Participant: 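Take this structure first; my questions come after.
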Amino acid sequence: PVISSGLRIAGWQPYQGSILQADISEETLTGWDRRQLFLDGKRQTRARFPKVDPADPWRSGLLAVEGPAEEKSFTAFRYPDGAFPRRWARPSEAEVVMVIDWGYTTHSALESVDWKSRTMVMATGVRNFGQYRPWDTFCPDGSHFDFWIPYRFHVENVLEELTAPGEWCVDTQERRVYFWPPDELTEGSEVSVPVLDCVIDVCGASWVRLEGLTFTETRNSGDNMHRTGNHGGGAMYPDPAYNYCGEAVHLSHAEYCRIANCRFSEVGGNAICVEGYNLKNVIQGNEFGHTGHCGVTVIGAKDLGTEVRMPIATEVADNHFHHCGEYDTVAPGVFCGASVGTAVRH
């Protein structure tokens with residue numbers, strides 16, 4: 001059995017060359033995260049520039065930031081001369097993906113671009129992880145710390161950059177999605193977009209068993225891999241300016257529950273989040289692949305009072321984790337925050 005939050009997009013018509021177009025409803029546009037589109041269960045690439053070179057994926061596909069457009073700016077930055085060979089008709093549809101300091105990833109809508117001054121302005125700016133750090137502006141070189149690296153970025157969801165098979169983008173003004181399928185679509189092809197943050201929420205229940213299921217195509221609702229109010233996030237501390245990414249399965253106030261022999265594939269946020277008070281839940285023998293953020297997150301709060309707000313004795317054993325952190329490059333397979341007696345084995 002496959003549990004998916006994907007909503008099928010139909011009615012594809014020719015646009016230009018091999019690129020197809022389809023109209024979408026306002027309801028679909030509202031529910032969709034607009035970061036993911038799937039073809040037969042596989043996440044496709046949102047049209048971007050620069051593109052990644054498959055022969056050199058670690059060092060290609062990014063541009064260096066020249067510096068802040070204004071002193072100590074968190075939102076406006078300058079890009080290199082000649083970086084963009086094409087001018088875009090609707091830059092406000094684009095999203096800037098910024099790789100900052102230690103490799104954290106920030107996604108922000110592009111508010112404006114000035115081609116003459118080579119300046120881009122992001123709507124929400126650089127993630128600051130809930131802390132005021134006056135040096136966290138756009139750094140063009142290693143001048144602040146010995147380990148500092150230049151900020152790097154690419155731009156996604158631009159129709160003019162839809163130039164390769166497997167790429168897509170969406171025009172929210174026209175309520176239209178464009179897609180260059182890697183192979184010709186057939187009657188059996190399924191193009192879908194995710195519309196749910198979570199597909200199963202176990203809250204205040206005991207002895208629930210989820211086994212032999214596939215969970216897929218959930219939304220990527222934001223950049224924070226934890227909800228606010230939890231402790232032990234460390235460098236992954238949630239920033240109030242950003243939303244929580246969501247999860248396929250959420251456990252809260254759950255006891256003696258078991259998630260076993262399941263498959264979590266192409267989920268947009270975390271695959272499983274064990275949050276707050278939980279007791280002796282087991283996550284065993286599952287496969288976690290191509291998750292937007294973490295595979296399994298075990299986290300709670302340290303305070304207080306008489307109420308226990310942390311997971312207790314969670315067991316994570318015999319699981320296979322691969323390709324985690326598709327949207328946040330520092331997301332681990334298993335994240336343990338404020339919790340007691342968590343066992344991660346094999």
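This is a predicted model, so every value here is computed, not measured. As a basis for the values below, the full set of heavy atoms in this structure was taken, side chains included, without hydrogen atoms, waters or symmetry mates.
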Participant: Among E161, E167, E93, E95, which residue meets the salt bridge (Lys or Arg N to Asp or Glu O under 4.0 Å) test with R46?
Facilitator: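 Result for salt bridge (Lys or Arg N to Asp or Glu O under 4.0 Å) with R46: E95.
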Participant: Is there a path from W207 to I312 through hydrophobic residues (I, L, V, M, F, W, Y) whose side chains come within less than 4.5 Å of each other?
Facilitator: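 Per the 4.5 Å side-chain linkage, W207 and I312 are co-clustered.
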Participant: May I have the step-by-step check of side chain to side chain donor-acceptor pair (under 3.5 Å) for T218 and S5, ending in yes or no?
Facilitator: CA-CA 5 Å; T218 56; S5 89; 5.7 Å; no
Participant: Using a strict threshold of under 4.0 Å (side-chain N to carboxylate O), is an ion pair present between E266 and K42?
Facilitator: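 Here K42 does not pair with E266 in a salt bridge, since their nearest N and O are not under 4.0 Å apart.
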Participant: Can you tell me how far apart CZ (R90) and CG (D171) are? Round to the nearest 0.5 Å.
Facilitator: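 One finds 4.0 Å between CZ of R90 and CG of D171.
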Participant: Kindly say whether the aromatic ring centers of F335 and H293 come within a distance under 6.0 Å.
Facilitator: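 Aromatic pair excluded; centres sit 6.0 Å or further apart.
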Participant: Who clusters with I19? Use side-chain heavy atoms, under 4.5 angstrom, across I, L, V, M, F, W and Y, and order the result by chain and number.
Facilitator: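 Grouped by the 4.5 Å side-chain rule, Y15, L159, L162, Y178, W180 form the rest of the cluster around I19.
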Participant: According to a 4.5 Å side-chain heavy-atom criterion applied to Ile, Leu, Val, Met, Phe, Trp and Tyr, with indirect links allowed, do V202 and V296 form part of one hydrophobic cluster?
Facilitator: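 Hydrophobic grouping puts V202 with V296.
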Participant: Go through the steps for E275 and H226 under the test side chain to side chain donor-acceptor pair (under 3.5 Å), then give the verdict.
Facilitator: CA-CA 9 Å; E275 182 190 26; H226 309 305; over 6 Å; no
Participant: Give a yes or no on whether K280 atom NZ has more than 12 heavy-atom contacts from other residues, nucleotides or ligands under 6.0 Å away.
Facilitator: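 Counting other residues, nucleotides and ligands, NZ of K280 stays at 12 neighbours or fewer.
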Participant: So does D53 get a backbone contact from the side chain of S60, meaning a donor-acceptor N/O pair under 3.5 Å?
Facilitator: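 Side chain of S60 to backbone of D53, a donor-acceptor pair under 3.5 Å: yes, one is there.
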Participant: CG of N286 to NE2 of H320: how many Å apart, nearest 0.5 Å?
Facilitator: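 If I round to the nearest 0.5 Å, the distance is 12.0 Å.
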Participant: Regarding R175 and E26, does a basic nitrogen lie under 4.0 Å from an acidic carboxylate oxygen?
Facilitator: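 Salt bridge: yes.
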Participant: Could you give the distance from CZ (F215) to CD1 (I272), rounded to the nearest 0.5 Å?
Facilitator: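 Rounded to the nearest 0.5 Å, the CZ-CD1 separation comes to 7.5 Å.
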Participant: If you count every heavy atom of other residues, nucleotides or ligands that lies below 6.0 Å from Q173 atom CD, does the total exceed 12?
Facilitator: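 More than 12 heavy atoms, drawn from other residues, nucleotides or ligands, come within 6.0 Å of this atom.
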Participant: Nearest 0.5 Å please: distance from the CZ atom of R35 over to the CG atom of N157.
Facilitator: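 Output value for this atom pair is 11.0 Å.
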Participant: Pick one: which of V249, N270, T214 meets side-chain contact (heavy atoms from CB on, under 4.5 Å) with F264?
Facilitator: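 In the set V249, N270, T214, the residue that makes a side-chain contact (heavy atoms from CB on, under 4.5 Å) with F264 is V249.
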Participant: Between OG1 of T216 and CZ of R43, what distance do you get to the nearest 0.5 Å?
Facilitator: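 Going from the OG1 atom of T216 to the CZ atom of R43 covers 8.0 Å.
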Participant: With sequence neighbours left out, what residues match Y277 under ring pair (Phe, Tyr, Trp, His ring centres under 6.0 Å)?
Facilitator: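 For Y277, the residues satisfying ring pair (Phe, Tyr, Trp, His ring centres under 6.0 Å) (neighbours in sequence not counted) are H253.
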Participant: Without swapping roles, check the side chain of N319 against the backbone of G285 for a donor-acceptor pair under 3.5 Å.
Facilitator: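 Pair found, side chain donor or acceptor close to backbone of G285.
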Participant: For residues V208 and V316: do they belong to one hydrophobic cluster (side chain heavy atoms under 4.5 Å, members Ile, Leu, Val, Met, Phe, Trp, Tyr)?
Facilitator: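 Same cluster.
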Participant: Does any part of the side chain of W32, heavy atoms only, come nearer than 4.5 Å to the side chain of V170, both counted from C-beta?
Facilitator: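 Side-chain contact under 4.5 Å: yes.
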